[in-house]
Amino acid sequence: MGKGLRKAVPAGVLALGLALSGAGVASAEGQGAALTQVRITFHTLDDDKDADTCLDVNVTDNTGRRVAHLDQDFCPDQFPDGDLDGPFTLTLLAGATWESMRDGQVTLRVSPNGNDHWNLAFYTVLHFSDGDRRNANYTGQASHVNREVHAEVV
């Protein structure tokens, strides 16, 4: 906003906005809410994950600290075209809060045997102790060329 265009917001309107904040929007009290669960779902689009392609999934906070990990590597599982797999619950490794997860990342690393290309979408939901949620979603390709893909936590 340019100078002179700022508009005062009445305190009642601000309080109403915070009270109505839903999933995905922090309330004033919710900023310190603890991360309680992370779940991920994979949707294979039009090029499957081969059975010999293994996965590694990690979640990091906004300092790069690893806070969650998926304990399955899905070898020797094939994810066929159109398949929906999950949701899978990740193991929490370190304490995190609503605020520390802002601009965190979900990283999916593939270890293909050969020239596998996997066209996918993944949907990640981070659950917090106050009932709020954050999400990190990705749509694209993971392959022998693009082994690591990232989704920002919003």
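Hydrogens, waters and symmetry mates play no part in the numbers below; they use all other heavy atoms, side chains included.
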Of all residues at least two apart in sequence or in a different chain, which pass the salt bridge (Lys or Arg N to Asp or Glu O under 4.0 Å) check with Arg147?
->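 Checked Arg147 against salt bridge (Lys or Arg N to Asp or Glu O under 4.0 Å); zero matches.
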Side-chain heavy atoms nearer than 4.5 Å, only ILVMFWY residues, links allowed to pass through others: does that put [X] and [Y] together?
{"X": "Leu126", "Y": "Phe122", "value": "yes"}
{"X": "Val106", "Y": "Leu108", "value": "yes"}
{"X": "Val153", "Y": "Tyr123", "value": "no"}

[X] side-chain N/O to [Y] backbone N/O, donor-acceptor pair under 3.5 Å:
{"X": "Asn58", "Y": "Thr107", "answer": "no"}
{"X": "Asp48", "Y": "Asp81", "answer": "no"}
{"X": "Asp61", "Y": "Gly104", "answer": "no"}

Partner of Asn113 by side chain to side chain donor-acceptor pair (under 3.5 Å), out of Asp52, Asp50, Thr53 =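 Going through Asp52, Asp50, Thr53 one by one, the side chain to side chain donor-acceptor pair (under 3.5 Å) with Asn113 is satisfied by Asp52 alone.
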Should the pair Phe79 and Trp118 be assigned to parallel (<30°), tilted (30 to 60°) or perpendicular (>60°) ring geometry?
->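 Rings of Phe79 and Trp118: perpendicular, over 60°.
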Nearest non-hydrogen partners of Gly32 and Thr97, listed with the distance =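 Between these two residues, the closest heavy atoms are O-CG2, 3.9 Å.
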Might you point out which heavy atoms bring His117 and Ser143 nearest each other, and give the distance in Å?
->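 Taking every non-hydrogen atom into account, ND1-CB, 3.5 Å.
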Donor-acceptor pairs are to be reported for all side-chain atoms of residues 83-94 against protein atoms at under 3.5 Å, with residues two or more places apart or in another chain.
{"unit_1": "Thr89", "atom_1": "OG1", "unit_2": "Arg39", "atom_2": "NE", "d": "3.3"}
{"unit_1": "Thr91", "atom_1": "OG1", "unit_2": "Asp71", "atom_2": "OD2", "d": "2.4"}

Side-chain contact test, heavy atoms from C-beta onward, threshold under 4.5 Å: evaluate it for Arg134 versus His127 and give yes or no.
->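 Side chain of Arg134 against side chain of His127, heavy atoms only: no contact under 4.5 Å found.
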Can you find a pair of side-chain heavy atoms, one from Asp77 and one from Gln72, that are under 4.5 Å apart?
->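 When only atoms from C-beta onward are counted, Gln72 and Asp77 do not touch, as no gap falls below 4.5 Å.
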Decide yes or no on side-chain hydrogen bond (donor to acceptor under 3.5 Å, both in side chains) for His150 and Glu152, but give the supporting numbers first.
-> CA-CA 7 Å; His150 305 274; Glu152 186 174 326; over 6 Å; no
Of Asp116, Asn119, Leu120, Val110, which is the lone residue that meets side chain to side chain contact (heavy atoms under 4.5 Å, CB included) with Lys49?
->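 The passing option is Asp116.
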